[in-house]
A.B. asks: 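What follows is a single structure, and I will ask about it in a moment.
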There are 2 protein chains.
Amino acid sequence: MNAELFTIGRLSREAACNVQTIRYYEQIGLLPAPLRSSGNQRLYDESWTRRLRFIRHARDLGFELDNVRVLLDLADDPSKSCEAVDEVAGGQLAQVEQRIRDLQALKRELRRMLKLCQGGTVADCRIIETLGNHDLCIADTHARVDASARR
Amino acid sequence: MNAELFTIGRLSREAACNVQTIRYYEQIGLLPAPLRSSGNQRLYDESWTRRLRFIRHARDLGFELDNVRVLLDLADDPSKSCEAVDEVAGGQLAQVEQRIRDLQALKRELRRMLKLCQGGTVADCRIIETLGNHDLCIADTHARVDASARR
DNA sequence: CCTAATATCTACAGTAACTGTAGGTTCAAG
DNA sequence: CTTGAACCTACAGTTACTGTAGATATTAGG
């Protein structure tokens, strides 16, 4: 087995993940601690690149780190049933769909507010007025947006 | 002027904002420091309720605290032009729309991944495979989701 | 061999917008 | 006068990183 070793900078480029994030993942146990050189620098091989790409890709798809952890555990045991993977991914999809719904409600309300604005001064601004009085909103159109969708 | 005073619990109920959040808003200067009772408890009147409701409503619409601050400043000066309000709200709308687009790309990709899964073991799981290899994704369908949309 | 630039190391602080906790007052009711 | 709810301050914790400071390692050029 030809195990070429490289330092963190190259791993960073190859997995498109910045250096401190790699160290952070190691710290929280998402990446195992790698070998160290005589000068104490981390030494990685191909297998780290693969694992880190997996993590980044999952993150890009919106999976939380806890779910990434679950997915990694599953990926590490190929004999396991695929069902659990399906469940995590399905849950993620459901969350994404919910966030989209929430944001669409916000969009509608913001659009409506903006349309009401006729220029002039703040005194007659319907946007400010609407913000000050939720009753002026389309009923319950954005009653409860969960915090994670808000940002 | 009949200024009825009440403590933080009632303000909390009337503006649907929890108590520590109120104290937090005061700390960061979003709410002015109110009167105190002889026993050092915060005393509010109607005007605080209105201001806090305004804040909560804006937050519910996805405005960041910094933008809420801007909106509050504008609301406090009714003689100002409405344009600035429009701009903040318009920016917010644009952000929401971008987030929706990002999330829809994620949704498509997650759906596709889930459809590929045929059951069986992790060894042949296409979800795990796809996560491990971004090239298996629809090209650039979710290349760069900005961090704030990710969660 | 020496030096300068670049890369890496650890440890810790900061981000957004809160939420939770500990340990101590104050207040209203019975 | 006691009990329990509401309130007080101060600080730690949340998520997933990013940024900083100050020290050490490595590499390229002269």
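A note on names: the letters A, B, ... follow the listed sequences, proteins ahead of strands, and every chain is numbered from 1. Just the heavy atoms: all of them, side chains too, but no hydrogens, waters or symmetry mates, feed the values below.
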A.B. asks: Between dA16(C) atom C1' and Phe63(B) atom CZ, what is the distance in whole Å?
C.D. replies: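 Whole-Å distance recorded here is 17 Å.
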A.B. asks: Just to verify, what does Glu129(A) make a side chain to side chain contact (heavy atoms under 4.5 Å, CB included) with, not counting sequence neighbours?
C.D. replies: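 By the side chain to side chain contact (heavy atoms under 4.5 Å, CB included) rule, Glu129(A) matches Arg126(A), Leu136(A).
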A.B. asks: Quick check on dC18(C): is either OP1 or OP2 less than 4.0 Å from any side-chain nitrogen or oxygen of Thr21(B)?
C.D. replies: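 Answer is no, no contact under 4.0 Å.
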A.B. asks: If you take any heavy atom closer than 4.0 Å to DNA chain D, which residues from residues 38-50 of chain B end up in contact?
C.D. replies: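 Close to the strand are Asn40(B), Gln41(B), Arg42(B).
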A.B. asks: Side chain to side chain donor-acceptor pair (under 3.5 Å) with Ser37(A): which residues, sequence neighbours excluded?
C.D. replies: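 In terms of side chain to side chain donor-acceptor pair (under 3.5 Å), with neighbours along the sequence ignored, Ser37(A) is linked to no residue.
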A.B. asks: Between the side chains of Asp45(A) and Arg50(A), is the shortest nitrogen-to-carboxylate-oxygen separation below 4.0 Å, so that they form an ion pair?
C.D. replies: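 Result for this pair is no, no salt bridge flagged.
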A.B. asks: Could you state the CG-P distance from Leu35(A) to dC9(C), rounded to the nearest angstrom?
C.D. replies: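 It is 13 Å, rounded to the nearest whole Å.
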A.B. asks: Quick check on dC17(D): is either OP1 or OP2 less than 4.0 Å from any side-chain nitrogen or oxygen of Arg59(A)?
C.D. replies: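 Answer is yes, contact under 4.0 Å.
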A.B. asks: Taking OP1 and OP2 of dT26(D), is either one under 4.0 Å from a side-chain nitrogen or oxygen of Ser37(A)?
C.D. replies: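 Yes, because at least one side-chain N or O of Ser37(A) sits under 4.0 Å from OP1 or OP2 of dT26(D).
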A.B. asks: Given atom CD of Glu64(B) and atom P of dT15(C), what is their separation to the nearest angstrom?
C.D. replies: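 Rounded to whole Å, this separation is 14 Å.
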A.B. asks: So, Arg99(B) versus Gln95(B): side-chain donor-acceptor pair below 3.5 Å or not?
C.D. replies: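 Gln95(B) and Arg99(B) do have a side-chain donor-acceptor pair below 3.5 Å.
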A.B. asks: Please report, rounded to the nearest Å, how far the C1' atom of dA16(D) is from the CG atom of Asp60(A).
C.D. replies: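 Asp60(A) atom CG is separated from dA16(D) atom C1' by 13 Å.
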A.B. asks: On the nucleotide dC7(D), are OP1 or OP2 found under 4.0 Å from the side-chain N or O atoms that Arg10(B) carries?
C.D. replies: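 For Arg10(B), the contact criterion (side-chain N or O under 4.0 Å from OP1 or OP2 of dC7(D)) is not met.
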A.B. asks: Between Gln20(B) and Asp66(B), who's closer to the 5' end of DNA chain C by nearest nucleotide?
C.D. replies: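 Closest to the 5' end, via its nearest nucleotide, is Asp66(B).
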A.B. asks: Using OP1 and OP2 only, check whether a side-chain N or O of Arg36(A) sits under 4.0 Å from dT10(C).
C.D. replies: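 Arg36(A) to dT10(C) OP1/OP2: side-chain N or O found under 4.0 Å.
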A.B. asks: Indicate every side-chain donor-acceptor pair of residues 5-12 of chain B with a distance under 3.5 Å to a residue at least two apart or in another chain.
C.D. replies:
{"unit_1": "Arg10(B)", "atom_1": "NE", "unit_2": "Glu14(B)", "atom_2": "OE2", "d": "2.8"}
{"unit_1": "Arg10(B)", "atom_1": "NH1", "unit_2": "Glu4(B)", "atom_2": "OE2", "d": "3.2"}
{"unit_1": "Ser12(B)", "atom_1": "OG", "unit_2": "Cys17(B)", "atom_2": "O", "d": "2.9"}

A.B. asks: Show every ring pair (Phe, Tyr, Trp, His ring centres under 6.0 Å) that has at least one partner inside residues 27-47 of chain B, sequence neighbours left out.
C.D. replies: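 Found Tyr44(B)-Trp48(B).
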A.B. asks: Any side-chain N or O of Arg23(B) under 4.0 Å from OP1/OP2 of dA10(D)?
C.D. replies: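 No, outside the criterion.
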A.B. asks: Provide, to the nearest angstrom, the distance between the CD atom belonging to Glu26(B) and the P atom belonging to dC18(C).
C.D. replies: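 About 15 Å, once rounded to whole Å.
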A.B. asks: Find the distance Asn67(B):CG to dA16(C):P and express it as a whole number of Å.
C.D. replies: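 Going from CG in Asn67(B) over to P in dA16(C) covers 12 Å.
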A.B. asks: May I have the distance from Ile22(A) (atom CD1) to dC9(C) (atom C1'), rounded to whole angstrom?
C.D. replies: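 One finds 14 Å between C1' of dC9(C) and CD1 of Ile22(A), rounded.
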A.B. asks: Does a salt bridge link Arg42(A) with Glu26(A), judged by any charged N lying under 4.0 Å from a carboxylate O?
C.D. replies: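 The answer is yes: the pair qualifies as a salt bridge.
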A.B. asks: Taking only residues two or more places apart in sequence, or in another chain, which ones meet Asn18(A) in a side chain to side chain contact (heavy atoms under 4.5 Å, CB included)?
C.D. replies: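 Side chain to side chain contact (heavy atoms under 4.5 Å, CB included) check on Asn18(A) returns Gln20(A), Thr21(A).
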A.B. asks: dA6(D) phosphate, OP1 or OP2: any side-chain N/O from Arg13(B) under 4.0 angstrom?
C.D. replies: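 So the side chain of Arg13(B) is outside the cut-off, no N or O lying under 4.0 Å from OP1 or OP2 of dA6(D).
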A.B. asks: Could you check how far CZ of Arg69(A) sits from P of dC17(D), rounded to whole Å?
C.D. replies: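 Arg69(A) atom CZ is separated from dC17(D) atom P by 12 Å.
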A.B. asks: Looking at Tyr25(B), does any N or O in its side chain come under 4.0 Å of the phosphate oxygens OP1/OP2 on dC18(C)?
C.D. replies: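 Indeed, a polar side-chain atom of Tyr25(B) lies that close.
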A.B. asks: Given dC17(D), dA17(C), dC9(C), which nucleotide is nearest the side-chain atoms of Leu65(A)?
C.D. replies: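 Taking heavy atoms from C-beta onward, the closest nucleotide is dC17(D).
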